[in-house]
Undergrad: 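I'd like to ask you about the structure that follows.
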Amino acid sequence: KEVFVNGELEQRRGRKLRVNDQINIPELSMTITILEPSQEEIEEHLKEKEEKERVAELVKQLNQQKRKSNSLSWYLVMWLKQLSIQHFRNYQELEVEFHPGLNIFLGQNAQGKTNILESIYFLALTRSHRTRNDRDLIYFESTDFKVSGQLQRETGPLPLEISLTPKGRITKVNHLKQAKLSNYIGHMNVVLFAPEDLQLIKGSPAGRRKFIDIELGQMKPLYLSDLSQYNHVLKQRNSYLKNSEKIDATFLEVLDSQLASFGSRVIYHRLEFIKKLEAKAKEKNTRLSDNKEDLSIQYQSTVFLKMEMI
């Protein structure tokens with residue numbers, strides 16, 4: 001169905017509507033005018049928002065009480081029980097059963113110990129920590145690979161699966177195909193320690209942003225969504241400025257507005273994450289340095305930031 005906004009055919013997604021905008025759908029003989037909400041509607045919306053926040057806080061408190069009452073089950077709230085690999089790196093096929101406690105891999109050099117860890121990382125985050133070239137991950141002369149596993153969670157077992165094919169990544173949660181990678185990431189949380197982690201301090205800002213994207217994306221799917229939307233709008237805006245012979249100021253203003261909206265949300269998520277990370281890291285570093293060092297972590301941006309927003 002064709003949709004017209006203020007008399008112009010609408011072909012974009014995510015456009016923000018303003019008061020007095022008119023939407024027309026000829027096929028349905030329908031015209032809609034965006035009206036300013038009444039005071040009663042605003043108050044009703046605020047009450048609904050307040051109630052949702054109250055319930056969310058109640059659930060948070062109940063979860064905290066549960067963790068304190070059963071600390072052992074909290075540490076084992078999620079663990080990988082079984083791993084299956086097909087055509088990944090040097091493994092044509094491999095099945096591994098894990099213990100809920102500590103698991104140690106022993107073997108000669110270049111036998112594939114790190115490849116197993118890499119497959120677990122890929123199963124969780126749909127990407128490798130060692131290479132950006134997916135072809136490097138595929139077994140000799142194969143065209144695809146599959147990594148699957150069974151998580152043991154407090155609520156029961158949860159099967160995960162990811163395949164890399166010539167058509168791209170295919171992810172499944174509980175045997176159901178996921179339409180978006182952001183719907184898949186976050187079911188299995190992993191923390192990787194590798195020599196490359198030193199680049200968080202010594203390396204470029206891009207490496208630190210990547211670290212935030214990976215860690216925060218596992219904990220907060222909304223962050224992945226906002227980041228994806230920001231990158232999409234940025235790409236669309238750059239392409240429009242590069243390829244258009246005549247710039248439509250109104251259309252560019254819409255893109256700028258969307259870019260600012262998603263960009264500010266991405267920054268807010270990062271600031272919130274850095275603040276929590278600093279509190280945890282400061283505590284650990286004080287203990288490790290025997291109270292001789294005071295660690296601080298700051299988010300530096302070219303965008304003017306109001307720290308009181310958190």
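No experiment lies behind these values; they were computed from the predicted model shown.
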Undergrad: Treat each ILVMFWY residue as a node, draw an edge where side-chain heavy atoms are under 4.5 Å apart, and state whether L198 and I201 are in one component.
TA: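 Result: no, two separate clusters.
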Undergrad: Check step by step if side-chain contact (heavy atoms from CB on, under 4.5 Å) holds for Y240 and Q236.
TA: CA-CA 6 Å; Y240 177 70; Q236 185 181 17; 5.7 Å; no
Undergrad: Who else is in the cluster with V19 when I, L, V, M, F, W and Y are joined by side-chain contacts under 4.5 Å?
TA: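 Cluster partners of V19: none, it stands alone.
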Undergrad: Verify side-chain contact (heavy atoms from CB on, under 4.5 Å) between M219 and K276, making sure each step is shown before the conclusion.
TA: CA-CA 13 Å; M219 300 182 292; K276 293 179 179 178; over 6 Å; no
Undergrad: Considering all heavy atoms of both residues, which atom of E278 and which atom of S296 are nearest to each other, and what is their separation?
TA: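 Smallest interatomic distance, heavy atoms only, reads OE2-CA, 3.3 Å.
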Undergrad: Quick check on the hydrophobic clustering: are V96 and L117 connected, directly or via other members, by side-chain heavy-atom contacts under 4.5 Å?
TA: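 Yes, because V96 and L117 connect within a single hydrophobic cluster, where side-chain heavy atoms sit under 4.5 Å apart.
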Undergrad: Are the side chains of I138 and T143 in touch, meaning some heavy atoms are under 4.5 Å apart?
TA: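 A side-chain contact is absent here, since even the closest heavy-atom pair is not under 4.5 Å.
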Undergrad: Would you compute the distance between atom CG of D134 and atom CG of L164 and round it to the nearest 0.5 angstrom?
TA: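 These two atoms lie 5.0 Å from each other.
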Undergrad: Under the rule for side-chain contact (heavy atoms from CB on, under 4.5 Å), what residues qualify as partners of P26, not counting sequence neighbours?
TA: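 Scan of P26 (side-chain contact (heavy atoms from CB on, under 4.5 Å), adjacent residues dropped) gives F4, N24.
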Undergrad: Looking at E43 and K47, is any side-chain nitrogen of the basic one under 4.0 Å from a carboxylate oxygen of the acidic one?
TA: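 A salt bridge is absent here (no side-chain N lies under 4.0 Å from a carboxylate O).
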Undergrad: About how many Å separate CG of L160 and NZ of K172, when rounded to the nearest 0.5 Å?
TA: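 That separation rounds to 12.5 Å.
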Undergrad: Let's go through T286 and N291 carefully: what are the C-alpha distance in whole Å and the side-chain angles of both, what is the deciding distance for side-chain contact (heavy atoms from CB on, under 4.5 Å) to 0.1 Å, and is it a yes or a no?
TA: CA-CA 5 Å; T286 299; N291 295 315; 2.8 Å; yes
Undergrad: Can you tell me if R270 uses its side chain to pair, donor with acceptor, with the backbone of R265 under 3.5 Å?
TA: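 Here the side-chain-to-backbone pair does not exist.
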Undergrad: Do the non-hydrogen side-chain atoms of N183 and V173 ever get within less than 4.5 Å of each other?
TA: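 A side-chain contact under 4.5 Å is absent here.
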Undergrad: When hydrophobic residues are tied together by side-chain contacts of less than 4.5 Å, even through go-betweens, does F145 share a cluster with Y139?
TA: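 No, F145 does not connect to Y139 through the hydrophobic network.
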Undergrad: Return the minimal non-hydrogen interatomic distance between V190 and Y121, and the atom names on each side.
TA: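 The answer is CG2-CD1, 4.1 Å.
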Undergrad: Can you check whether R127 reaches I214 side chain to side chain, under 4.5 Å on heavy atoms?
TA: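 Of all side-chain heavy-atom pairs linking I214 with R127, at least one is under 4.5 Å.
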Undergrad: Can you list the steps and then say if E161 with I170 is a side-chain contact (heavy atoms from CB on, under 4.5 Å)?
TA: CA-CA 8 Å; E161 179 183 311; I170 300 175; over 6 Å; no
Undergrad: Check D136 against R89 and note the closest heavy-atom contact, atom names and distance.
TA: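 Heavy atoms of D136 and R89 come nearest at O-NH1, 3.2 Å.
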Undergrad: Kindly give the heavy-atom pair with the smallest separation between F211 and L277, and that separation in Å.
TA: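 Where F211 meets L277 most closely, the heavy atoms are CE2-CD2, 4.2 Å.
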Undergrad: Aromatic rings H269 and Y223: how do their planes relate, parallel, tilted or perpendicular, breaks at 30° and 60°?
TA: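 It falls in the perpendicular class, over 60°.
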Undergrad: Count I, L, V, M, F, W, Y as connected when their side-chain heavy atoms are under 4.5 Å apart, and connections chain through other members. Are F105 and L192 then in the same cluster?
TA: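 Looking at the clustering, L192 is in the same group as F105.
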Undergrad: Quick one: do L295 and L288 end up in the same hydrophobic cluster if we chain Ile, Leu, Val, Met, Phe, Trp and Tyr together by side-chain heavy atoms under 4.5 Å apart?
TA: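 No; L288 is not reachable from L295 via cluster members.
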Undergrad: Drop me the distance from K146's NZ to I162's CD1, to the nearest 0.5 angstrom.
TA: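 It is 12.5 Å, given to the nearest 0.5 Å.
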Undergrad: So, S289 side chain and N285 main chain: donor-acceptor pair closer than 3.5 Å or not?
TA: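 It does hold such a pair.
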